[in-house]
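Quick notes on the structure that follows.
In what follows, chains are A, B, ... by sequence order, proteins preceding strands, each numbered from 1. No experiment lies behind these values; they were computed from the predicted model shown.
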Amino acid sequence: MNRRDFLQYASLVTMGSMLPGFTQAVNLNRTGKILVLIHLKGGNDGFNSLVPYHDSNYYDLRPKIAIQKRSVLKLDDRFGMNPQLQHLLPLWEKGQMAWIQGVGYPNSVLSHFQSLDIWESASPSDYSKGWLSRVVPGIKQGLHGVVIDDGVEGGGVMQGSQLNAVTMKNPRSFIRAAERISDVQPKRRNPAIAHVTAIQHQLHEVGKQIAEKVGSNPPAIPGKYTGDLGHGLQAVAQMILSGVDAPVYKVTQKGFDTHASQLELQNNALYQLGSGISSFARVMQQKGLWQKILLVTYSEFGRRAAENKGAGTDHGTASAHMVFGGSVKRGIYGEHPDMSHLNASGNVQHTTDFRSIYGTIAQNWWRQNNPWRQYGTLPFVG
Amino acid sequence: MDKLGFAEARHLVSRTGFSPEWESIQRLVGKPMPQAVDFILQQRHSSPPSPPSMSPWSRIVSLRQNARTRKMIMRTAKTEGKGLQRWWVKHLLATKAPLIERMTLFWHNVFPSTIAKTLSVKLLYQQNLMLRKHALGNFRTLLHAVAKDPAMLVYLDGHMNEKLAPNENFAREVLELFTVGRRQFTENDMREAARAFTGWTIDDRSGRFTYDAQRHDTGQKTILGKRGNFTGEQALDIMLRHPRTAERLAERFWAEFVSVARPDPAVIRQWAQQLVSSHYDISALLKTVLTSNAFWAETHRGALIKSPVELAVGTLRILPYTLPRDNLAHQLTLMGQPLFNQSTVKGWASGKEWLSTQSFLLRDSLLRNMTRGNLRTAKSGMDRLLPAVSSKEEMAQWLLAIPPINPFPEKEGSKQRLVRDLVLDPAYQVC
């Protein structure tokens with residue numbers, strides 16, 4: 001035991017009973033169902049993530065960057081995972097992972113911003129509210145969501161005045177800053193000051209809750225966490241294990257806008273994704289919470305079917321997405337897009353509407369009203 | 001309103017600069033409104049400090065070829081980039097022409113280019129001078145200059161756009177963000193516009209714009225319903241003439257000068273018509289805005305959220321606080337306004353989006369640090385450095401665009417304490 005550990009231990013013995021959330025066992029049985037969204041920023045290439053190694057079109061379109069059959073992590077006799085996702089294989093083997101392929105929407109937009117707005121709002125034209133604002137306020141009152149982001153952006157999925165969400169880098173820095181914020185009652189004098197006072201009031205309330213639950217000493221989270229996603233998942237785990245009652249968390253993995261030298265860039269991003277998720281899953285399993293967690297990836301679009309001159313891929317349409325959790329039903333859902341029929345931009349036709357994933361989460365995971373009923377549900381959970 | 005009172009002069013000064021500078025307010029009090037607006041618009045240029053150290057473009061061209069030397073130029077760009085940010089912050093703090101600086105910042109966000117992508121601080125510096133030169137000039141001239149600007153050509157891959165391998169990046173953004181906007185053009189318009197811009201590139205040695213006729217696609221193009229063998233210049237003019245281009249610019253002026261609320265479409269149409277009939281004179285548009293009923297309406301006082309530059313630079317320009325200047329550019333980055341480094345081509349998330357729970361904490365801690373008694377001249381006291389106001393109400397009328405949200409402290413304290421309370425009031429976040 002080194003000095004620092006000793007001091008922590010000592011303070012635990014003498015002052016433990018006075019520190020809320022640190023020594024008081026949090027009753028994790030009361031934890032509600034949690035959704036952790038992972039944004040694959042830049043537009044992840046689904047074809048090099050869930051590799052259709054049976055499809056000769058795939059190899060014809062991508063002579064330089066296709067993942068060879070011998071190196072894919074085979075999931076069945078048609079599809080395999082990118083070898084950089086090796087850390088996820090145990091989850092697949094335990095039946096706690098699913099793939100959904102061909103995910104997209106009609107009349108795809110190839111702009112990062114607009115397509116992300118469409119994904120995050122679930123609307124082709126009105127981006128003022130995030131899709132979660134149509135579901136999460138029905139689950140509970142109080143805190144609805146936490147966005148982990150070191151910048152000041154990234155809250156799109158949780159936009160909307162009905163939804164009470166905060167953005168933070170991690171709980172420790174958030175608590176330190178929020179404890180200085182005094183309360184203020186929202187003022188409606190004009191929309192700018194209404195926004196300022198609403199934010200200040202919200203910060204005060206959420207700051208109070210997180211400080212009470214997490215305390216000054218967030219629990220140590222075992223596992224290896226690197227990069228924005230790793231640190232993000234670590235922060236999410238800290239909050240969940242401390243009993244913060246947000247039903248939604250959002251984290252981001254960057255590095256998927258692979259216009260050139262795709263193998264190098266996407267490999268790195270996928271590796272970090274796999275290792276972060278597997279560490280997070282292990283912690284949740286150990287604490288008996290894995291049944292209550294659903295991790296879902298999303299991305300603004302997939303990539304062009306064919307590789308480009310620079311051994312990269314340009315903006316595309318449909319992509320493959322991943323789902324993890326103790327309640328997940330293993331499988332590869334949706335159809336593999338037809339890579340022999342491309343549109344004028346060289347893109348595939350999507351086979352699964354992304355709103356069917358949202359509908360499944362609303363209806364089968366949270367047992368809420370499903371605003372996207374017309375797109376159907378997928379039996380990956382519930 | 002016949003003549004400007006204190007409140008009106010304050011409003012005009014703070015909306016056309018970074019904060020309510022006392023002397024500028026005094027100069028405008030008592031002037032008839034149109035005359036005061038003309039006075040503001042006639043600001044003389046104030047020269048920026050001497051340029052930071054910058055590697056020539058030719059060095060970047062030669063070193064970016066292989067992976068090892070590419071790392072080297074990335075490191076250089078990072079270091080020189082910080083120098084460039086400091087250079088601009090220094091000028092923002094010192095300029096005698098805050099409107100021109102505010103407009104330069106505005107155009108820098110309409111037409112962003114970044115250190116991270118271009119890796120050339122020199123090109124960004126030159127772009128910044130160009131934006132400042134046209135800040136209150138002609139929008140058509142500015143649009144053409146931006147399209148041929150070397151930093152922009154690198155930022156949106158335009159310099160690699162050639163007949164046999166068109167690159168669509170610049171064409172997409174010029175349509176979606178710089179001119180007509182979403183839903184006004186098709187993927188086909190975008191591809192055809194990209195062909196019109198083929199052959200525009202940068203000379204490897206000089207780093208200047210050059211036109212390579214060999215790589216230009218001279219064929220027929222259809223752009224926004226017009227058909228012809230368009231050049232890049234003609235493509236820009238087609239986009240410029242689209243009615244949504246002027247309207248979108250008018251909308252951006254509304255968001256910059258009037259309110260975070262949605263604009264009245266009739267006002268936007270009127271401003272856009274005014275812009276078109278003045279042949280895209282930016283100064284004329286600004287005059288229309290600053291003399292409009294919307295600008296002066298009581299309901300729009302304090303209806304804008306301060307940008308991080310307004311919050312930090314604006315405070316340091318009017319109050320005798322100090323902050324390590326080397327640190328200021330970094331603070332702006334944290335608060336969501338990294339100079340020369342927007343995270344997307346859409347620019348900084350501005351307006352209401354300046355303020356999220358995350359950025360609120362950063363803004364609050366910046367103001368707390370600034371006002372924590374580290375006065376420039378502790379001995380002489382702050383009182384001497386503040387304008388002569390006679391009551392706490394007058395102090396609030398000067399520092400805040402709307403009455404304070406928190407009640408005044410009952411006990412009469414020092415001026416320094418009063419200023420701190422007002423700076424930390426939620427009303428200080430708006431302007």
Among the listed options A:V109, A:I181, A:V184, the residue most often paired with chain B at heavy-atom distances under 4.5 Å: A:I181
Exam field: side chain B:S14 to backbone B:P20, donor-acceptor pair closer than 3.5 Å: no
B:F295 and B:H11 aromatic ring geometry - parallel, tilted or perpendicular at 30°/60° bounds: tilted
Top contributor to chain A interface from B:A401, B:P426, B:G351 [non-hydrogen pairs under 4.5 Å]: B:P426
Pick from B:E168, B:M190, B:E173, B:R182 with the largest number of heavy-atom pairs that fall under 4.5 Å of chain A: B:R182
Flag side-chain contact, heavy atom, 4.5 Å: A:D183 against A:H201: yes
side-chain contact (heavy atoms from CB on, under 4.5 Å) partner of A:K250, the single match among A:V157, A:V36, A:V146: A:V157
Among B:S365, B:G302, B:A261, residue most engaged with chain A (heavy-atom pairs, under 4.5 Å): B:G302
Contacting moiety of A:A194, where chain B heavy atoms sit under 4.5 Å: neither
Under 3.5 Å donor-acceptor, B:W348 side chain and B:P338 backbone: yes
Side chain / backbone / both / neither for B:R183 at chain A, heavy atoms under 4.5 Å: side chain
Proximity breakdown for B:L177 and chain A, heavy-atom pairs closer than 4.5 Å: side chain
Option in A:Q114, A:R180, A:H315 with maximal non-hydrogen atom pairs under 4.5 Å from chain B: A:Q114
Part of B:A165 lying under 4.5 Å from any heavy atom of chain A: side chain
No-hydrogen, no-angle side-chain donor-acceptor test under 3.5 Å, A:N44 and A:Q266: yes
A:N267 side chain to A:E264 backbone, donor-acceptor under 3.5 Å: no
Between A:Y298 and A:F354, ring centroids under 6.0 Å: no
A:D117, part contacting chain B, at a heavy-atom distance under 4.5 Å: side chain
Exam field: side chain B:K306 to backbone B:Y428, donor-acceptor pair closer than 3.5 Å: yes
Top contributor to chain B interface from A:K309, A:Q202, A:R189 [non-hydrogen pairs under 4.5 Å]: A:R189
B:W254-B:H300 aromatic ring centre distance below 6.0 Å: yes
Proximal component of A:V166, with respect to chain B [non-hydrogen, under 4.5 Å]: both
Residue among B:D364, B:N188, B:I405 with most heavy-atom pairs under 4.5 Å to chain A: B:I405
Segment of B:T299 engaging chain A (4.5 angstrom heavy-atom cut-off): backbone
Which atoms of B:L304 approach chain A - backbone, side chain, both or neither, heavy atom under 4.5 Å: backbone
Residue, of B:L424, B:L355, B:V345, B:V430, that accumulates the most heavy atom pairs under 4.5 Å with chain A: B:L355
